[in-house]
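See below for the structure under consideration.
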Amino acid sequence: MADEIKKEEEKSLNFLEEIVEEDLAAGRYKSILTRFPPEPNGYLHIGHSKSIVLNFGLARKYGGKTNLRFDDTNPVTEDTEYVESIKADIRWLGFEWANEFYASDYFEQLYLFAEELIRKGLAYVDDSSAEAIARMKGTPTEPGTASPFRTRDVETNLQLFRDMRAGKYKDGEKVLRAKIDMASSNMHFRDPLMYRIKHAHHHRTGDAWCIYPMYDFAHGQSDSIEKITHSICTLEFVPHRPLYDWFIEKLDIFPSHQYEFARLNLNYTVLSKRKLLQLVNEGHVSGWDDPRMPTISGLRRRGYTPESIRLFAEKIGVAKRENLIDVSLLEFCVREHLNKIASRRMVVFDPLKIVVSNYEQPEEWLSSEDNPEDPGTTHRQLPFSRELYIEQDDFMENPPKKFFRLSPGQKVRLKSAYIIQCDEVVKDASGKITELRCSYLPESKSGGAQSNMKVQATIHWVSIPHAITAEVRLYDRLFRVEDPANEAGDFKEYINPDSLQVLQAAYAEPALRNAKFDEHYQFLRKGYFYLDKDSSEEKMVFNRTSTLRDTWAKEQRKDRPNP
RNA sequence: UGGCCUAUAGUAUAAUGGUAGUACGACAGAUUUUGGUUCUGUUUGUCUUGGUUCGAAUCCAGGUAGGCCAACCA
């Protein structure tokens, strides 16, 4: 039975796996080579992780390899800062590339390709301005018109192109264009630009070049030079594919092939570098790694794990249909992993003081499991004393029917400790509750002979004299609407003003003092938390990675529907 | 008003001419020293109209809807 299910799963391939299997079966390739080709002009985000898992995953599954290639053909937007962050993010996600290449490695070769096309009469130098070229391009329903420079002879074109390279012209004075078809229904065939002049410093080639190839004249050729078998990109490049093939055919070079999939869209966030850059530059977030950002670095700082992001990338699948994935799936994936690995700790956010009136000892140390999901779990020591904090939320003076926690005369268990009963509610002059007087049941001690006594609920707590404090940052979705990018007006109007809530001092059990960056925590009943880089010797700071599922909160919402 | 891509539960994704399945979500219940976890159950779907066929989510044609394409960006 299990085998049958497994077989079914194996049979169910996504369309890219089908293509690869067919190519391999037909003997078109001995092994496959994919590439992940970011432009180093921004940080990687969760959308890129789909592409990364796809490219590296496909190669891994079919015994092939994956290159990392930086598509650095536009010197004015690119920077080594981005190169470094991109490499760090890919490694953190758990992937290693076969080769690290740069489109700029191929500038000389690409230049020679261009001369070859000129010699074949398939490219020409155009002196027209950008505006003139745009005008002559026509529209999707009207054909374009030929540039007056379209008929220049080969020798002239060759000389002019060499002069372009030599720096004889200023930015914008000339471009190199492919000579294809000004009437094509595919706008990319109306003599697309191959090279433009940019007297700009390149992060790798410095000032060696003043002409730079356009995307269409760099990407396919770079794939071909590396002998990439399957060049996988997003759907907006579909109209480029005929041009991708045209250059390869005219140059008669290794025939890489392009395949397109639908990019990831996630609700309640934005996933475009331009928009993310705006959020950073205009101070709506603290940086690319702000824990509310959908960047890999933001998710990492927030406490997401590589495993959870890979799981997400696998669960969303891949197809050619536009999609908007529900963040609840991402949250499910991170809880799924963190539940297995997170160390449990008790932390009170909003304290209510409890005095255990019949507790006479100064203190006692109890044992509690670090992770009940782990059969071989370790245990930590937990101090108990006469004065404790519990959560305000865990006490109600006049509880509704389904409230299981503490209320006057009622009992609850303190996790890993004793059952207590609320005997008295102490209030100040204004009627505000200042503390609770409770009595404990010594025989109910956790782990003891009679510890199986039943009460309705178990709550977390902290011993006041032993408590340490930490700052806690609680995050909510960055936007108030599902699809801010497609809403009327500026997407920034839809930013959620309450996406960050800071608790200056939460009270934690002392074991949290040793918190480390390689450990994830579950604050019992509160959520998953991860140490933030803003922590110092004096003050620990924790980010809430995710809440726990909360069916009680749902129950409450039902009782008090939105006005 | 041209060309191209796409259309399966609320959201994704599978079924490759032969019983429409899976995950997340939602809802209900069991278990639980986390109102967590785990387990069980329920709910909801082939854009539309024709055609081919014994049989269509699948193939064909028309329609409809959404997306992409006219940057010296990638």
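Proteins get letters first, then strands, A, B, ... in listed order; numbering begins at 1 in each.
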Distance-only donor-acceptor check, side chains A:Ser184 and A:Asn186, under 3.5 Å: no
With A:Ala506 via side chain to side chain contact (heavy atoms under 4.5 Å, CB included) - residues at least two apart: A:Val347, A:Phe349, A:Val472
B/S/- contact track for nucleotides 30-48 of chain B, protein heavy atom under 4.0 Å: ---BBBBS-----------
Results of salt bridge (charged side-chain N to carboxylate O under 4.0 Å, His left out) for A:Glu17 - residues two or more places apart only: A:Lys61
B:A9 and B:C5, which share atom name P, separated by this distance in whole Å: 22 Å
Under the side chain to side chain contact (heavy atoms under 4.5 Å, CB included) test, residues paired with A:Val462 that sit two or more places apart: A:Val348, A:Ala467, A:Tyr507
ring-ring contact (aromatic ring centres under 6.0 Å, His included) pairs, two or more places apart, involving residues 311-342 of chain A: none
Partners passing side chain to side chain contact (heavy atoms under 4.5 Å, CB included) against A:Ser444 (at least two apart in sequence or in another chain): A:Arg413, A:Tyr418, A:Ile419, A:Leu441, A:Met453
Residues which pass salt bridge (charged side-chain N to carboxylate O under 4.0 Å, His left out) with A:Glu131, listed by chain and number, not counting sequence neighbours: none
Qualifying salt bridge (charged side-chain N to carboxylate O under 4.0 Å, His left out) pairs, either residue in residues 209-222 of chain A, two or more places apart: none
Summary of protein contacts for nucleotides 68-74 of chain B, nucleotide by nucleotide, where a base hit scores B, a sugar-phosphate-only hit scores S (4.0 Å, heavy atoms): SSBSBSB
Those residues that, when tested against A:Pro143, pass side chain to side chain contact (heavy atoms under 4.5 Å, CB included) (two or more places apart): A:Ala183
Inter- and intrachain pairs under salt bridge (charged side-chain N to carboxylate O under 4.0 Å, His left out), touching residues 263-277 of chain A, at least two apart: A:Glu236-A:Arg263
Runs of at least three consecutive pairs that involve RNA chain B, where pairs are Watson-Crick or G-U with distances under 3.5 Å: B:2-7 with B:64-69, B:10-13 with B:21-24, B:26-30 with B:38-42, B:47-51 with B:59-63
